[in-house]
Amino acid sequence: MPNRRNQRDYDDRDFRDDRDYRDQRRRRNQPAHPGATAWVVFLALAAFAAFFLYNNVFVIKSVGVEGTRFVEKQTVIDLSGIKAGESIFMLRDGDIAAGINTNRYLTYAGKRLVFPDHVILTVRENTPAAQMRWAGRTLMLDSDLTVLEDSAGLSASLLVPYITGASPDNPRLGSKVKFTVAGQAEAIEAILDELQTQDMTSFISELNVSSLDNLTLVTDEGLYIKLGNNDDLEEKLILAHSAVTYLKAEPSYTLKNAILDVSSGKTADFKPSK
């Protein structure tokens with residue numbers, strides 16, 4: 001005879017199983033929560049809007065160039081590799097610089113994005129700052145000592161100093177000059193930079209670096225300016241500029257082979273030629 005208690009337990013279990021099954025069906029048939037649906041719709045619309053803006057609004061339509069005087073702006077744009085229609089967000093400074101800097105007369109300085117579709121490139125033109133002879137050739141250098149030109153003779157039309165007493169180490173066109181004498185590169189760069197700052201480049205005909213403790217400039221009139229070492233160059237060249245301007249205005253002074261000593265950085269001592 002079957003056990004009634006066990007049978008009742010089975011009947012209760014079957015009832016509970018049926019009830020769970022009905023609850024699951026009911027939950028599946030219920031509509032999704034309205035908040036969740038709205039969130040999904042929002043995400044879809046946001047993704048579409050981002051895709052649309054990325055591909056249709058924030059795309060390059062024009063490119064501007066700042067910093068050029070002699071090089072054509074279109075040349076800079078072509079070298080940059082930037083194309084109309086590409087996303088403004090895809091521009092990479094490294095790629096732009098790699099293209100522009102292949103021209104030894106240009107150095108890439110940065111970019112500015114003007115949303116939604118304009119880019120402005122900033123470059124620096126590498127203009128001649130000095131000349132130097134090497135192996136019977138004349139090297140035209142910019143202020144960073146990069147070789148801009150390699151020619152047979154000096155250019156009289158360029159009002160830049162002629163570097164003497166230097167020891168260049170196999171310089172090459174388009175590359176920065178290295179020197180076999182330690183400290184020469186740093187001294188030359190510092191002096192050329194300060195000459196430009198003080199607006200003295202045009203009337204300095206020679207820069208002699210044979211002795212780093214007795215650096216010397218020579219003006220167009222033949223006046224020797226003794227700098228000493230390359231410390232306190234700003235103070236020294238401010239003194240030199242003021243003194244040269246005064247001496248040129250006084251016809252009683254003969255500047256050829258005279259000496260102007262500013263090595264102290266405090267005074268400018270003028271010694272007439274003997």
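Along the sequence shown, residues are numbered consecutively beginning with 1.
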Report task. Could you walk me through whether E221 and N257 pass side chain to side chain contact (heavy atoms under 4.5 Å, CB included), step by step? Result -> CA-CA 8 Å; E221 296 81 10; N257 295 324; over 6 Å; no
Requested in this report: Could you give me the CA-CA distance, side-chain angles and deciding distance for I238 and Q198, then say whether side chain to side chain contact (heavy atoms under 4.5 Å, CB included) is met?
Outcome: CA-CA 7 Å; I238 288 175; Q198 302 300 331; 3.5 Å; yes
Query - N208 and S210: CA distance, side-chain angles, deciding distance, side chain to side chain donor-acceptor pair (under 3.5 Å) verdict - result: CA-CA 6 Å; N208 187 291; S210 57; 2.6 Å; yes
Query raised in the report: Between I100 and V123, is a side chain to side chain contact (heavy atoms under 4.5 Å, CB included) present by the stated rule, with each step listed?
Result: CA-CA 8 Å; I100 291 177; V123 298; 4.1 Å; yes
Query raised in the report: Run the side chain to side chain donor-acceptor pair (under 3.5 Å) check on T164 and E206 step by step: do they pass?
Result: CA-CA 7 Å; T164 59; E206 182 181 343; 2.8 Å; yes
Query raised in the report: Does the pair Q131 and L141 meet the rule for a side chain to side chain contact (heavy atoms under 4.5 Å, CB included), with working shown?
Result: CA-CA 6 Å; Q131 301 180 79; L141 311 178; over 6 Å; no
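The two residues T267 and L239 make their nearest non-hydrogen contact at N-CD1, 3.6 Å. Residues K226 and D261 approach most closely at O-OD1, 3.7 Å, considering heavy atoms. V65 approaches K73 most closely through the heavy-atom pair O-NZ, 3.1 Å. Considering all non-hydrogen atoms of both residues, A268 and L260 come closest at CB-CD1, 4.0 Å. Nearest heavy atom pair, residue G265 against residue E235, reads O-CB, 3.8 Å. Residue P161 comes nearest to L195 through the heavy atom pair CG-CD1, 4.1 Å, listed as atom of the first residue, atom of the second, then distance.
Side chain of K248 to backbone of A243: no donor-acceptor contact under 3.5 angstrom is found. No donor-acceptor distance shorter than 3.5 angstrom exists from the side chain of T146 to the backbone of D142, with no hydrogens or angles considered. Under the 3.5 Å distance criterion, the side-chain polar atoms of E125 are matched with a main-chain donor or acceptor of R69.
Side-chain contact between L223 and V218: absent, with no pair of heavy atoms (C-beta onward) separated by less than 4.5 Å. Between T219 and S205 there is no side-chain heavy-atom pair separated by less than 4.5 Å. Side-chain atoms of M200 and L237, non-hydrogen and from C-beta on, do get closer than 4.5 Å to each other. Taking 4.5 Å as the limit, every side-chain heavy atom of L145 sits out of range of all side-chain heavy atoms of M132. The closest side-chain heavy-atom distance from L227 to I225 is below 4.5 Å. A 4.5 Å side-chain heavy-atom check between F115 and I88 finds at least one atom pair inside the cut-off. Counting only heavy atoms from C-beta outward, the side chains of L247 and F270 approach each other to under 4.5 Å. Looking at R133 and L139, their side chains never come closer than 4.5 Å, going by heavy atoms from C-beta outward.
Atom CZ of F58 sits about 10.5 Å away from atom CG of L113, to the nearest 0.5 Å. Taking CG of L215 as the start and CG of L207 as the end, the distance is 7.0 Å to the nearest 0.5 Å. Taking CD1 from I120 and CZ from R112, the interatomic distance works out to 3.5 Å, rounded to the nearest 0.5 Å. Note that the NZ atom of K256 and the OG atom of S273 stand 9.5 Å from one another [nearest 0.5 Å]. To the nearest 0.5 Å, atom OG1 of residue T68 and atom CZ of residue R124 are 14.0 Å apart. The line from OG of S80 to CG of L91 is 8.5 Å long, rounded to the nearest 0.5 Å.
At a threshold of 4.5 Å between side-chain heavy atoms, the hydrophobic network of Ile, Leu, Val, Met, Phe, Trp and Tyr places Y246 and I204 in one connected group.
Between K83 and D78, none of the side-chain N atoms (NZ, or NE/NH1/NH2) sits under 4.0 Å from a carboxylate O, so this pair counts as no salt bridge.
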Scan the side chains in residues 177-192 for donor-acceptor partners under 3.5 Å anywhere in the protein, sequence neighbours excluded, and list what turns up.
{"from": "T180", "atom 1": "OG1", "to": "S167", "atom 2": "O", "distance (Å)": "3.3"}
{"from": "Q184", "atom 1": "OE1", "to": "S167", "atom 2": "N", "distance (Å)": "2.9"}
{"from": "Q184", "atom 1": "NE2", "to": "G165", "atom 2": "O", "distance (Å)": "3.2"}
{"from": "Q184", "atom 1": "NE2", "to": "V209", "atom 2": "O", "distance (Å)": "3.4"}
{"from": "E189", "atom 1": "OE2", "to": "K176", "atom 2": "NZ", "distance (Å)": "3.2"}

Can I get a per-line list of side-chain donor-acceptor pairs under 3.5 Å for residues 101-108, giving both atom names and the distance, sequence neighbours left out?
{"from": "N101", "atom 1": "OD1", "to": "Y108", "atom 2": "N", "distance (Å)": "2.8"}
{"from": "N101", "atom 1": "ND2", "to": "A97", "atom 2": "O", "distance (Å)": "3.4"}
{"from": "T102", "atom 1": "OG1", "to": "G99", "atom 2": "O", "distance (Å)": "2.6"}
{"from": "N103", "atom 1": "OD1", "to": "Y105", "atom 2": "N", "distance (Å)": "2.9"}
{"from": "R104", "atom 1": "NE", "to": "L148", "atom 2": "O", "distance (Å)": "2.6"}
{"from": "R104", "atom 1": "NH2", "to": "L148", "atom 2": "O", "distance (Å)": "3.4"}
{"from": "Y105", "atom 1": "OH", "to": "E149", "atom 2": "OE2", "distance (Å)": "2.2"}
{"from": "T107", "atom 1": "OG1", "to": "N126", "atom 2": "OD1", "distance (Å)": "3.2"}
{"from": "T107", "atom 1": "OG1", "to": "N126", "atom 2": "ND2", "distance (Å)": "3.2"}
{"from": "Y108", "atom 1": "OH", "to": "D93", "atom 2": "OD1", "distance (Å)": "2.5"}
{"from": "Y108", "atom 1": "OH", "to": "K111", "atom 2": "N", "distance (Å)": "3.3"}

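By the 6.0 Å contact criterion, CD on Q74 is enclosed, its count of non-hydrogen atoms from other residues, nucleotides or ligands being greater than 12.
Judged as a ring-ring contact (aromatic ring centres under 6.0 Å, His included), the pairs with a partner in residues 203-227 (not counting sequence neighbours) are, in order, F203-H241.
K236 and N229 share a donor-acceptor pair across their side chains, judged by distance under 3.5 Å alone.
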